[in-house]
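This report refers to the structure that appears directly beneath it.
Being a predicted model, the structure only gives us computed values, none of them experimental. Atoms within a ligand are numbered from 1 in the order they appear, just like the ligands themselves. Atom set for the values below is all heavy atoms of this structure, side chains included, hydrogens, waters and symmetry mates excluded.
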Amino acid sequence: IMPNSTGSATCWRPLPAETEKIMNAEKNKVVTFHYNLKNADGNPMESSREQEPMTYLHGFNAIIPGLEKAIEGHAVGDEFSVTVEPEDAYGIRNEKNIQRIPLKRLKGIGKVQVGQVLNLQTSEGQVQVTVLKVGRFNVDVDGNHPLAGQQLTFEIEIMDMRDATEEELKHGHVHGPGGHQH
Ligand code: ZN
C-alpha cells in the first residue's frame with residue numbers, strides 16, 4: 001500500500017448501510033388501515049377488524065377530516081389512537097334536520113318502525129334518515145348522521161401504503177381492493 005503524495009492515508013469510508021425508504025401518509029398516497037371506533041362513553045361503535053381494512057386516497061376528503069389529519073405522517077405498522085371532536089368528524093347535530101313527514105309519502109316501504117333507517121328521495125337527492133316517532137298520519141325523522149354531535153375515538157393500525165396511480169389521482173378515489181371497481 002503506497003502512501004499518497006501528501007503522506008496522509010486514504011480514508012475508506014464504509015458505504016452507508018442501505019436504508020429502507022419509509023413511506024409516510026401524505027397527499028396522493030393510498031392508505032389501508034384497521035380501526036376500532038368508540039364513542040365518548042368508551043362504548044365500541046364499529047370495527048373494521050371483522051371485515052376488510054379501510055382503504056382510501058389521502059388528501060381527497062375521503063375520510064373524516066380529524067382522522068385524515070391524525071394519519072398524516074404515519075407509516076405502515078404504526079398503531080395509535082386519536083380522539084376527534086364532532087366538528088372534525090360527522091359534524092354537529094342540527095335540530096332543523098328533524099322533520100315531520102306524512103306517512104303517505106312513505107308508501108311502499110311497509111310498516112315503519114322507530115329506529116329504522118330510511119332512504120328518502122328529496123329535491124336534493126337521496127337522504128338517509130332515522131325514524132324517531134311513528135304517529136297515525138305522520139312520521140318524525142332525523143336527517144342528522146347517526147354519529148353527528150359525537151366525540152369519537154379511533155384506534156388505528158396502518159396496514160399498507162402505496163403511491164396512487166395517475167388514474168386514481170384523476171378520479172380522486174382508490175381503484176382495486178377496497179376501492180372502486182371500474
Ligand atoms: Zn375511478
(Q) Inside 2.8 Å of the Zn ion (ligand 1) but strictly below it, how many protein N/O/S atoms are present? (A)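 Counting protein N, O and S atoms closer than 2.8 Å to the Zn ion (ligand 1) gives 4.
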Q. Which residues pass the side-chain contact (heavy atoms from CB on, under 4.5 Å) test with V114, sequence neighbours left out?
A.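 V114 satisfies side-chain contact (heavy atoms from CB on, under 4.5 Å) with V134 once adjacent residues are dropped.
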Q | H74 and F80: CA distance, side-chain angles, deciding distance, ring pair (Phe, Tyr, Trp, His ring centres under 6.0 Å) verdict | A | CA-CA 9 Å; H74 276 287; F80 56 96; 3.8 Å; yes
Q. With ILVMFWY side chains joined below 4.5 Å, transitively, what does L132's cluster contain besides itself?
A. I98
Q: Determine whether the aromatic ring centres of H58 and Y56 lie less than 6.0 Å apart.
A: yes
(Q) Taking the ring centre of each residue, are H171 and H180 less than 6.0 Å apart? (A) no
(Q) Can you list everything that forms a ring pair (Phe, Tyr, Trp, His ring centres under 6.0 Å) with Y90? Sequence neighbours excluded, please. (A)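 For Y90 the ring pair (Phe, Tyr, Trp, His ring centres under 6.0 Å) partners, ignoring immediate neighbours, are H145.
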